[in-house]
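When reading the values below, keep in mind they use all heavy atoms of this one structure, side chains included, and skip hydrogens, waters and symmetry mates.
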Number of protein chains: 2
Amino acid sequence: MFSKACEYGIRAVIYIWSQNTKGVKLGVKDICKEIDAPEFFTAKILQSLAKQDLVSSTKGPNGGFYISDDQENMRLLDLVKAIDGDKLFKGCGLGLKQCSESHPCPIHNDYKAIRENLAKLLSEKTIKGLAKEVVSGKATLSTILE
Amino acid sequence: MFSKACEYGIRAVIYIWSQNTKGVKLGVKDICKEIDAPEFFTAKILQSLAKQDLVSSTKGPNGGFYISDDQENMRLLDLVKAIDGDKLFKGCGLGLKQCSESHPCPIHNDYKAIRENLAKLLSEKTIKGLAKEVVSGKATLSTILE
DNA sequence: AATTAAAAAGACATTTTTATCTTTAATTAG
DNA sequence: CTAATTAAAGATAAAAATGTCTTTTTAATT
């Protein structure tokens with residue numbers, strides 16, 4: 001469903017959020033150790049997200065990634081779109097160029113429903129909310145069983 | 001969502017079905033022209049499906065692909081699994097190895113619901129049913145507008 | 001100012017997916 | 001039996017995704 005890049009990106013951002021107390025920045029190395037993701041590959045993804053202003057970063061000693069105030073309301077949908085684009089949310093399920101309401105492929109309506117369902121879910125989930133679940137212990141990003 | 005291979009495979013099989021009058025076999029070339037798919041690539045997919053006994057084929061003059069009686073009840077789910085495997089239906093949405101009911105990732109339950117929804121849809125749709133919609137004109141596989 | 005630590009950027013490598021072409025095997029028609 | 005036709009199999013290639021390493025830039029600390 002999601003690309004590897006997207007999986008790592010989501011995990012990284014949720015983790016950053018879960019550690020996001022005022023003024024704290026997290027280095028890529030720390031993040032990747034925690035979420036068990038390839039370091040340089042994940043760095044690229046975070047850099048791209050920083051460029052798109054979904055996360056913030058600073059260089060230099062004590063630098064790292066963090067979430068600024070105006071990035072607090074990021075939805076999971078925004079994150080997925082920033083990494084994987086919107087191909088998951090548009091276009092025909094069978095890859096037909098001409099598929100439309102008036103010229104539908106055989107799974108058009110059902111596929112549309114699934115997709116809208118997915119988009120709805122992803123738009124209702126905020127990163128803040130997901131991080132909260134991790135902080136509270138209801139959910140986890142760690143691959144190591146406690 | 002689906003791979004290109006899967007998109008071509010689904011389109012090809014629905015098309016075969018839609019033309020499946022007793023004794024008629026369709027060549028790869030004809031199929032691909034109709035569904036606008038790359039010929040040799042689609043041939044590989046159909047060969048794999050034939051090996052897995054989801055479709056039938058014969059070589060030689062007037063040979064081609066067709067659906068035999070015991071293949072009539074193929075579900076869309078069977079087809080997707082035969083081409084893309086079951087990675088879409090199992091495993092964590094965020095790629096965590098240890099994700100489970102007792103150790104869930106932050107989107108575990110929602111993602112599970114989406115996935116079950118998708119699996120349900122795909123298992124309810126038979127190729128026969130989809131082909132019928134194409135035959136009746138309610139749906140289409142063609143990229144050319146009528 | 002010099003050193004250090006970190007992200008950013010760029011280059012490179014590997015793997016997977018997608019796609020094409022060629023050769024072989026099987027079957028039918030003549 | 002021979003020729004023609006078609007799927008099957010194999011080889012190769014191109015593109016995209018994934019992953020790693022090196023160099024550059026920026027910023028803080030000493």
Side-chain angles (χ1 to χ4, degrees), chain A residues 1-13 15-16 19 23-33 35-68 80 82-85 87-88 94-95, chain B residues 1-13 15-16 19 23-33 35-68 80 82-85 87-88 94-95:
Chain A
M1 184 89 76
F2 303 129
S3 69
K4 282 287 162 196
C6 199
E7 290 179 0
Y8 299 146
I10 294 171
R11 276 149 60 183
V13 174
Y15 179 64
I16 294 170
Q19 302 296 104
V24 169
K25 290 157 199 162
L26 299 173
V28 170
K29 200 174 282 185
D30 295 334
I31 294 168
C32 290
K33 187 184 276 184
I35 67 170
D36 189 32
E39 188 177 325
F40 293 103
F41 188 52
T42 307
K44 295 279 184 204
I45 299 158
L46 286 172
Q47 281 161 29
S48 167
L49 291 176
K51 219 174 221 173
Q52 294 178 71
D53 200 38
L54 288 182
V55 300
S56 304
S57 68
T58 55
K59 294 182 179 180
N62 290 315
F65 291 90
Y66 63 100
I67 312 283
S68 69
V80 170
I83 302 172
D84 277 351
K87 63 179 189 297
L88 195 54
L94 299 185
Chain B
M1 185 88 77
F2 304 129
S3 70
K4 282 287 161 196
C6 200
E7 290 178 1
Y8 299 147
I10 294 170
R11 276 149 59 183
V13 174
Y15 179 65
I16 294 170
Q19 303 295 105
V24 169
K25 291 155 198 163
L26 299 173
V28 170
K29 199 173 284 184
D30 294 334
I31 294 167
C32 290
K33 187 184 277 186
I35 66 171
D36 189 33
E39 187 178 328
F40 293 103
F41 188 54
T42 306
K44 294 280 185 204
I45 299 158
L46 286 172
Q47 280 160 30
S48 168
L49 291 176
K51 219 176 223 170
Q52 295 178 70
D53 200 38
L54 290 182
V55 300
S56 303
S57 68
T58 55
K59 295 181 179 180
N62 291 315
F65 291 91
Y66 62 100
I67 312 283
S68 71
V80 170
I83 302 172
D84 277 350
K87 62 178 191 296
L88 195 54
L94 299 185

Within the distance-only criterion (no hydrogens, no angle test), does the side chain of A:D84 pair as donor or acceptor with the backbone N or O of A:F2 below 3.5 angstrom? no
Atom of B:R11, atom of B:D36 and distance for their closest heavy-atom approach: NH2-O, 3.2 Å
Could you state the CG-P distance from B:L46 to D:dA9, rounded to the nearest angstrom? 13 Å
Using whole Å, report how far CZ of B:F41 lies from C1' of D:dT12. 15 Å
Could you check how far CD1 of A:I83 sits from C1' of D:dA17, rounded to whole Å? 14 Å
Tell me whether A:T42 contacts the main-chain N or O of A:P38 through its side chain, where contact means a donor paired with an acceptor under 3.5 Å. yes
Please work out if A:I45 contacts a base, only the sugar-phosphate, or nothing of the nucleic acid, heavy-atom cut-off 4.0 Å. nothing
Distance-minimising heavy-atom pair for B:I16 and B:F65: CD1-CB, 3.7 Å
By the 4.0 Å heavy-atom rule, please label A:G63 as base, sugar-phosphate, or nothing. sugar-phosphate
In this structure, how many angstroms lie between the C1' atom of D:dA8 and the NZ atom of B:K59, rounded? 5 Å
Compare the minimum distances between each of D:dT29, D:dA8, D:dG10 and the side chain of B:K44, then state the nucleotide with the smallest one. D:dG10
Which residue, A:Q47 or B:C6, contacts DNA chain C at a nucleotide closer to its 5' end, judged by nearest heavy atom? A:Q47
Can you pull the contact range of chain B along DNA chain C, 5' to 3', using atoms under 4.0 angstrom from its heavy atoms? C:dT18 to C:dA29
Can a donor-acceptor pair be found, under 3.5 Å and without considering hydrogens, that links the side chain of A:Q19 to the backbone of A:L26? no
Provide, to the nearest angstrom, the distance between the NZ atom belonging to B:K51 and the C1' atom belonging to D:dA9. 8 Å
Roughly how many Å is it from OH in A:Y8 to C1' in D:dA17, rounded to a whole number? 11 Å
A:K59: what forms a salt bridge (Lys or Arg N to Asp or Glu O under 4.0 Å) with it, not counting sequence neighbours? none
Counter-base of D:dT30, judged by Watson-Crick or G-U geometry with both distances under 3.5 Å: C:dA1
Contact summary for A:A5 and A:I45, nearest pair of heavy atoms: O-CD1, 3.4 Å
Starting at CG of A:D84 and ending at P of D:dA16, how long is that distance when rounded to a whole Å? 15 Å
Over how many whole Å does the gap from B:Q52 atom CD to D:dA8 atom P extend? 13 Å
